[in-house]
Amino acid sequence: MMATGTADSQARFGQSVKGLLTEKVTTCGTDVIALTKQVLKGSRSSELLGQAARNMVLQEDAILHSEDSLRKMAIITTHLQYHVSILISSVEQSSDLQDQLNHLLK
């Protein structure tokens, strides 16, 4: 009778160990899946960070180009203002000349 009790005890112990082992394997599998997801998320994060850095470089180039264009526009504006002042002076002189010519013709 003792042998039967021992066999039953060993069978229950075996089932208990088997259940615990199955539980641990399931937990380990779940942990591996979670770790894989985290690694993939991390690699996606570094990919997004790299893309953001590339976009920043492109924006910086656009800003530098815009600054250069604004400098050129300022130079052109200065030249145009100079030419406008010369034209105004010429119109005033032509008006004076026309007055003198009218005075001479009378």
Residue pairs fulfilling side chain to side chain donor-acceptor pair (under 3.5 Å) with at least one residue in residues 46-61, sequence neighbours excluded: Arg44-Glu47
Over 12 non-hydrogen atoms of neighbours within 6.0 angstrom of CD in Gln98: no
Inter-residue atom distance Thr77.OG1 - Lys72.NZ, 0.5 Å rounding: 14.0 Å
Glu23: salt bridge (Lys or Arg N to Asp or Glu O under 4.0 Å) partners, not counting sequence neighbours: none
Spacing of OG1 belonging to Thr26 relative to CG belonging to Asp31, to within rounding of 0.5 Å: 11.0 Å
Side-chain (Ser95) to main-chain (Glu92) donor-acceptor, under 3.5 angstrom: no
Separation of Asp68 CG from Met73 CE (nearest 0.5 Å): 10.0 Å
Given Leu105, Leu97, Asp99, the one that forms side chain to side chain contact (heavy atoms under 4.5 Å, CB included) with Leu101: Leu105
Leu21 side, atom CG; Lys24 side, atom NZ - distance, nearest 0.5 Å: 10.0 Å
With a 3.5 Å cut-off and sequence neighbours excluded, list the donor-acceptor pairs that the side chains of residues 82-89 form with protein atoms.
unit_1 : atom_1 : unit_2 : atom_2 : d
Ser85  : OG     : Tyr82  : O      : 2.6

